[in-house]
Asker: 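First the structure, then my questions, so here it is.
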There are 2 protein chains.
Amino acid sequence: MSSLSDFARRATELLGPRGFTCDPDLLEPWLTDWRGRYHGQALGLASPSTREEVAAFVKLCSEFNVPIVPQGGNSGMSGGATPDESGKSVLLSLRRMDRIRSLNPASRQAVCEAGVILQTLHEAAEEHGLRFPLTLGGKGSATIGGLVSTNAGGTQVLRHGTMRAQVLGIEAVLADGQIFDSLTALKKDNRGFDLKQLLIGSEGTLGIVTAANLRLLPAIGDRVVAWCGVASIGDARKLLLHFEQALPDELEGFEVVPEHCLDAVLAHLPGSRAPLAERYQWHALVELATTPADAAALRDKAEAALAEAMEAGILLDATIAANETQADQFWQLRDSIAPAERAIGPAIQHDISVPVERMPDFIEAAIPEVEARFPGVTGVAFGHLGDGNVHFHVLAPAGAARGEWEESQGKAVSRHVHDLVAEWGGSISAEHGIGQMKRDELGRLGDPVALSLMRSVKHALDPKGLLNPGKLVPLASQAASA
Amino acid sequence: MSSLSDFARRATELLGPRGFTCDPDLLEPWLTDWRGRYHGQALGLASPSTREEVAAFVKLCSEFNVPIVPQGGNSGMSGGATPDESGKSVLLSLRRMDRIRSLNPASRQAVCEAGVILQTLHEAAEEHGLRFPLTLGGKGSATIGGLVSTNAGGTQVLRHGTMRAQVLGIEAVLADGQIFDSLTALKKDNRGFDLKQLLIGSEGTLGIVTAANLRLLPAIGDRVVAWCGVASIGDARKLLLHFEQALPDELEGFEVVPEHCLDAVLAHLPGSRAPLAERYQWHALVELATTPADAAALRDKAEAALAEAMEAGILLDATIAANETQADQFWQLRDSIAPAERAIGPAIQHDISVPVERMPDFIEAAIPEVEARFPGVTGVAFGHLGDGNVHFHVLAPAGAARGEWEESQGKAVSRHVHDLVAEWGGSISAEHGIGQMKRDELGRLGDPVALSLMRSVKHALDPKGLLNPGKLVPLASQAASA
């Protein structure tokens, strides 16, 4: 214990009273993930405000062998930023590192510290007639550091890629406290291994991301948002291919919503109404965007593409949002699926991907299979069809008790869904990461060669195992015993 | 020696007589790089024809501690595929693994084995109305495995990125002979570290790439190629920004050619003539491309953009190629700079990048500095301005003896150029890689933290150091003694 009080004293000296605390009241809000699924303990909360402070603090942790759990906006989906119950680790919050160090409109680059909130970056870019082409539901709390560390996705991946595609350079503190600085953005640089790629998506297990140089794009001149009714998920896929062919540079998003989900949203969302008069088994939400120069022509092109699709029998009906308000309403229907479902009853969620062209067949095969295996459940799949990524939710039988049902059935349901995904050559985590939630499943289903490579890299970069232990990297014994 | 004959016997058993040879005549052509700068020795040449053969052979090498030098088309620029003089290593040619395993037009993906030649892939894609958006001078010999392993660039990087951006998945044999298979292309997959990124660009030092899943794009409907005369490299940069703004989705390439280089080409290339009537200090070669749907409008847009640039005083004169033949002629002028220079006299070449927006200032500062430091030389910079990457050549004083001058001055000139690049936050290898040519310079100038990370990763993945030893990764002692 005296060693721990030594640690706390040294940490306070290093970071000042604002930068380090052991006060349980100040720690409490950060010990539980935002969905309330995971809860842990920590011996203290460090909130450094510069990269040098992060480096010095990580060195201190290494000296005292104190495990570090890095945390950004605490809006992750897989418990990756929540410490375990041991109380032996320290929370390292990056929230005070919240400066946009530079925003260069000519080179369209912004160097953001890890604690910059996504929405803040959106607004800063907007002031310069630019945009940052990644967005997601948690944009008001998610931080750049967390988004980089989890290689976040969202609704614009189809056109612009995940966070990895936005990152031009990063700065990170390594396990031994050294600062890896590759912030200078070179479009071409073949000086060896691309080390930043290793840190992106590593969930704080290989280093602490303290800043990133991010690419910006010209602001959107105009967008066209269409709500489409189709007969099947197969036709939705054909519609996607049609848009990819007809408007390759304008297609910005392509989301699918099954009838069941739309009904749930309409029942849940006061004053909402279905965009189309008739009922359809599947809906596609299509967003097209263009730069100011071509704004005028975009709506004509969209209408022509929709007419062609209808003529080809792929599309049954469609409506284009008349204005921005209506466009936002269409998106609100899509974004309200998760809360609408939560209001109805218990559900077990999966964030999965398979090769894009196989997704329709997967959905049509997997839903009946899950429903047959777990009588009374309803399987729904919605989301980013354009990325081969859907959120595959299994809704409890009517009357199932909240909490109790997930507790008793969750593991079996998820194992079954993940087994199906593995059979189809897919991923059990398309965009939400592994964290603590899926680590054992990754150990069970991951390619042994890839897992062994991951462990080698982890050991090489973090030999003491102090960086976010228990997250992401399955232990060798787990894989072996699975 | 008996151990080596054992090795050769076992290798022949494994790969058959076509798959393994120690015949000096058969080895000879592959012991020298194509530019004739590097020459080495090898104890044998292995040419496996399947990934399983590669895996078994790598295991054998590990058993006998035989270093492996992987080789594709032997068209690299940095000696990365040439063995050292010791004769202790074995050449591992991937040329017999030359199947396109699949080409899926719907998902626009091609799974190519390492030995597939770039031009073969171009032609296969074309048959399906598609294209593979990376090309370079050596396309008739460069292989997919080599292009992946060196993260190759070329003239379409501005729009489509380097090889890294084209790779959806890879298959590689690791140092212990295990096969890492991530060929299945998932658009979104957050199951831990993105290990394929580590292998891309690692020049065979972390694993042997045996296949890659590559993205294809719709074929070009039309292209517009313009030759522009500008007053300065700064104006060339302004013209680039203008095109990026006006035609962001169409701009495919933007190359710069200084007056000196154009003169050299015109003198060297029989029947060639300057595209513009007047003389200009700098020229820009602009390529715009579009899908068939928008082909008709492209020329009008290009003319409008050029007219605006001229009105703004950025552009002095320009001509649009009247047809494909003339477009090819414009590109031939650009592609003939290197041979034209070689015909004139000795030169020392550098493949460098700095942040895109700093390139004009860099060129204007670096050329006079090099010319002052080495009296009589001429500095020229040409190439991929849009990528912040130019080929910076230092031409010998008139009358200098070929071979002798490079021998006596090369190292000093390159050190000076590289020091300047480092000062400007740039890279001493933008697209040609490190190989054996620049390893010591990387050790001298590289960020010590990045170098130490590289060594950790190398040791973790190749603990015996048998994969392409002496290439890319600077030794710890080198860095320390530099």
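Below, chains carry the letters A, B, ... as their sequence lines are ordered, and counting in each starts from 1. Basis for what follows: all heavy atoms, side chains included, without hydrogens, waters or symmetry-related copies.
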Asker: Non-hydrogen atoms of chain B under 4.5 Å away: do they reach the side chain of A/T162, the backbone, both or neither?
Answerer: side chain

Asker: Is it the side chain or the backbone of B/L174 that comes within 4.5 Å of chain A heavy atoms, both, or neither?
Answerer: side chain

Asker: A/K187 vs B/V157, test: side-chain contact (heavy atoms from CB on, under 4.5 Å). Steps then yes/no.
Answerer: CA-CA 9 Å; A/K187 277 193 83 164; B/V157 174; 5.6 Å; no

Asker: Report which part of A/P248 has an atom under 4.5 Å of a heavy atom belonging to chain B: side chain, backbone, both, or neither.
Answerer: side chain

Asker: Which bit of A/H384 is near chain B, if near means a heavy-atom gap under 4.5 Å: side chain, backbone, both or neither?
Answerer: side chain

Asker: Starting at CG of B/D176, measure out to OG of A/S456 and round the result to the nearest 0.5 Å.
Answerer: 8.5 Å

Asker: Is it the case that over 12 heavy atoms from other parts of the model lie below 6.0 angstrom from the NZ atom of B/K301?
Answerer: yes

Asker: Can you find a pair of side-chain heavy atoms, one from B/Q197 and one from A/K196, that are under 4.5 Å apart?
Answerer: no

Asker: Hey, could you give me the CZ/CG distance between B/R191 and A/N151, rounded to the nearest 0.5 Å?
Answerer: 13.0 Å

Asker: I'd like to check A/V449 versus B/D181 (side-chain heavy atoms, cut-off strictly below 4.5 Å). Are they in contact?
Answerer: no

Asker: List the atom of A/T184, the atom of B/P355, and the distance in Å for their closest heavy-atom pair.
Answerer: CG2-CG, 3.6 Å

Asker: Okay, side chain of B/S353, backbone of A/K188: is any donor-acceptor separation there less than 3.5 Å?
Answerer: yes

Asker: For the residue pair A/L241 and B/A106, what are the closest heavy atoms and their distance?
Answerer: CD2-O, 3.9 Å

Asker: Can you tell me which portion of B/K471 sits under 4.5 Å from chain A's heavy atoms? Options are side chain, backbone, both or neither.
Answerer: neither

Asker: Could you tell me whether the side chain of A/F193 reaches within less than 4.5 Å of the side chain of B/V473, counting heavy atoms only?
Answerer: yes

Asker: For A/N190 and B/I434, indicate whether the former's side chain and the latter's backbone hold a donor-acceptor pair under 3.5 Å.
Answerer: no

Asker: Given a strict heavy-atom distance threshold of 4.5 Å, which part of A/S78 is in contact with chain B: side chain, backbone, both, or neither?
Answerer: neither

Asker: Under 4.5 Å between any side-chain heavy atoms of B/V457 and A/L198, yes or no?
Answerer: yes

Asker: For a 4.5 angstrom cut-off between non-hydrogen side-chain atoms, does A/S107 reach B/V356?
Answerer: no

Asker: Start with the C-alpha gap between A/D194 and B/I200, add the side-chain angles, then the distance that decides, and say whether side-chain contact (heavy atoms from CB on, under 4.5 Å) holds.
Answerer: CA-CA 8 Å; A/D194 193 348; B/I200 299 169; over 6 Å; no

Asker: Once rounded to the nearest 0.5 Å, what's the spacing between atom NE2 of A/H459 and atom NE2 of B/H459?
Answerer: 9.0 Å

Asker: Under 4.0 Å between a side-chain nitrogen and a carboxylate oxygen: does that hold for B/R159 and A/D249?
Answerer: yes

Asker: Given side chains that start at C-beta, do those of A/D189 and B/S429 come closer than 4.5 Å, heavy atoms only?
Answerer: no

Asker: Tell me, for A/R164 versus chain B, whether the close heavy atoms (under 4.5 Å) come from the side chain, the backbone, both or neither.
Answerer: side chain

Asker: Does any heavy atom of chain B fall under 4.5 Å from the side chain of A/A185, the backbone, both, or neither of them?
Answerer: backbone

